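Have a look at the structure below, then the notes.
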Amino acid sequence: MAFHERKYANLVLRLAGLVLFGFGALIARHLFGVADPTAKFRALPYLLALIGMASTSVGSALAVLGRHLFDQVDLSSRWTIHAYGREARSRSARLRGCDAQ
């Protein structure tokens with residue numbers, strides 16, 4: 001049984017999402033406080049901004065979706081792999097050839 005299928009996984013994933021979201025918010029607050037346009041180029045603020053944005057994005061996804069982040073979805077037949085892939089490609093190429101004329 002995978003972790004996301006357990007009973008408490010939804011709560012744990014949502015709490016982890018809130019923690020990550022809060023961590024990203026703290027980083028953003030720090031970056032807004034130290035903004036100095038006259039400062040020389042430094043890589044640390046850019047690295048912090050990258051970590052903060054990624055943390056906030058992943059945190060919001062986890063907080064909103066919880067274990068449903070791992071749900072399987074149905075794909076339309078257009079996006080699935082067919083056993084007759086070669087025939088479909090050759091038919092598609094023939095159709096494109098007819099359209100070009």
Side-chain angles (χ1 to χ4, degrees):
M1 176 187 294
F3 169 75
H4 66 274
E5 295 173 350
R6 297 186 181 160
K7 289 183 204 177
Y8 60 87
N10 194 34
L11 179 65
V12 170
L13 288 171
R14 289 181 191 265
L15 286 176
L18 290 175
V19 167
L20 283 172
F21 190 82
F23 181 66
L26 284 175
I27 290 176
R29 183 177 174 197
H30 172 74
L31 287 174
F32 279 120
V34 297
D36 184 12
T38 62
K40 294 174 77 174
F41 173 76
R42 293 183 312 198
L44 182 62
Y46 291 102
L47 181 63
L48 283 175
L50 174 72
I51 292 170
M53 197 219 56
S55 171
T56 306
S57 298
V58 171
S60 64
L62 282 173
V64 170
L65 296 174
R67 72 175 179 185
H68 296 292
L69 188 66
F70 302 104
D71 285 352
Q72 295 212 357
V73 295
D74 294 327
L75 294 177
S76 76
S77 61
R78 178 179 182 173
W79 302 109
T80 57
I81 298 173
H82 298 286
Y84 303 105
R86 287 186 193 154
E87 292 175 17
R89 281 194 296 269
S90 65
R91 186 178 61 150
S92 174
R94 277 183 281 150
L95 290 175
R96 278 192 306 238
C98 291
D99 289 341
Q101 292 177 354

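Keep in mind the model is a prediction, meaning the values are calculated, not measured. Positions are given from 1, in the same order as the sequence printed here. Note that these values count all heavy atoms, side chains included, but never hydrogens, waters or copies made by symmetry.
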Side chain to side chain donor-acceptor pair (under 3.5 Å) partners of residues 48-68, not counting sequence neighbours, each pair once: H68-D71
Examine L65 and F70 and state if one hydrophobic cluster contains both, with Ile, Leu, Val, Met, Phe, Trp and Tyr joined whenever side-chain heavy atoms are less than 4.5 Å apart. yes
Test: side chain to side chain donor-acceptor pair (under 3.5 Å). Region: residues 7-26. Which pairs qualify, not counting sequence neighbours? R6-Y8, N10-R14
Could you pull out every donor-acceptor pair under 3.5 Å between side chains of residues 16-29 and any protein atom, sequence neighbours left out?
none

Under a single-linkage definition using a 4.5 Å side-chain heavy-atom cutoff for Ile, Leu, Val, Met, Phe, Trp and Tyr, are V64 and L69 assigned to the same hydrophobic cluster? yes
